[in-house]
Every structure is written in structure tokens, then in C-alpha cells.
Amino acid sequence: SFPTRRSSDLGFLVMFYGIISNSSFLIGMGSIVIGIDVVFFPFTTPETTAFLGYQKAKLVGRVAGILLIAVGIWVGTIH
């Protein structure tokens, strides 16, 4: 959907600019933006949905988003 694509693109662009400018903070912020996107829109592959079922696949997608946010915080502040 449109909002999902826009926020994913924004996260990617922030991460890319962080890589070019050698800024761990910006790389972390890009990861956090993408992680928030995944938490709110936990799209999983059809294979994952067929294997786990809709509810569990959605939960796995949300957990992956939370982990991405945690990695973004780690990269942006601690690393």
C-alpha cells in the first residue's frame, strides 16, 4: 500500500544517506523507521502464512519489526 511503501522508502533513504555520510545515528534511524513500518504492517510471504497460519505469521512479522527497531537503537546509539 502507499503509506507502507513511502515509509519503507524513507527508511531506506535515511539509511543510505547514513552510509554515505558515515553516520551510525542515521543508519540506526533508518532501521527504526523500517522496523516501525514492519510492526504496523506485518506483511509476510505466502509461504510463511501457509506454514504458520495467518495469525502466527502476523505475530512473526511484528516480532521481526521489533527486533529491527532494537537493532536500529543499538546501531544508532551504542555502536
Side-chain angles (χ1 to χ4, degrees):
S1 71
F2 181 68
T4 304
R5 176 155 168 100
R6 180 182 280 177
S7 59
S8 293
D9 290 347
L10 174 66
F12 175 78
L13 290 174
V14 170
M15 281 179 37
F16 185 73
Y17 184 71
I19 292 167
I20 290 173
S21 64
N22 198 23
S23 170
S24 295
F25 177 75
L26 288 177
I27 295 170
M29 288 303 296
S31 297
I32 291 170
V33 169
I34 294 173
I36 291 170
D37 184 39
V38 172
V39 168
F40 283 117
F41 304 104
F43 299 124
T44 55
T45 64
E47 293 83 5
T48 305
T49 303
F51 181 69
L52 298 175
Y54 178 74
Q55 293 295 328
K56 287 182 183 176
K58 187 168 71 169
L59 177 65
V60 167
R62 290 186 196 272
V63 169
I66 291 168
L67 290 174
L68 190 56
I69 292 170
V71 168
I73 291 170
W74 177 72
V75 168
T77 59
I78 298 169
H79 186 268

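The distance from the CD1 atom of Ile73 to the CE atom of Met29 is 9.5 Å, given to the nearest 0.5 Å. Atom-to-atom distance recorded for Lys58:NZ and Thr48:OG1 is 15.0 Å, nearest 0.5 angstrom.
Neither Leu13 nor Val33 shares a network with the other; the hydrophobic side chains, linked directly or stepwise wherever heavy atoms of I, L, V, M, F, W or Y lie under 4.5 Å apart, form separate groups for each. Under the 4.5 Å side-chain contact rule for hydrophobic residues, Tyr17 and Ile32 share a cluster. A single hydrophobic cluster is not seen to contain both Val63 and Phe51; linkage of ILVMFWY side chains at heavy-atom distances under 4.5 Å, directly or through other members, places them apart. Leu67 and Met15 fall into different hydrophobic clusters, where Ile, Leu, Val, Met, Phe, Trp and Tyr side chains are chained together by heavy-atom contacts under 4.5 Å. Linking ILVMFWY residues whenever their side-chain heavy atoms come closer than 4.5 Å, directly or via other members, places Phe43 and Ile36 in the same cluster.
The two atoms that bring Gly72 and Ser31 nearest to each other are CA-CB, 3.7 Å, heavy atoms only.
Residues Val39 and Ile69 have side chains in contact (heavy-atom distance under 4.5 Å, counting atoms from C-beta outward). Using a 4.5 Å heavy-atom threshold, the side chains of Asp37 and Phe41 count as touching.
The backbone N or O of Thr45 sits less than 3.5 Å from a side-chain atom of Thr49, completing a donor-acceptor pair.
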Go through Ser21 and Leu26 one step at a time and tell me if the side-chain contact (heavy atoms from CB on, under 4.5 Å) criterion holds. CA-CA 9 Å; Ser21 64; Leu26 288 177; 3.9 Å; yes
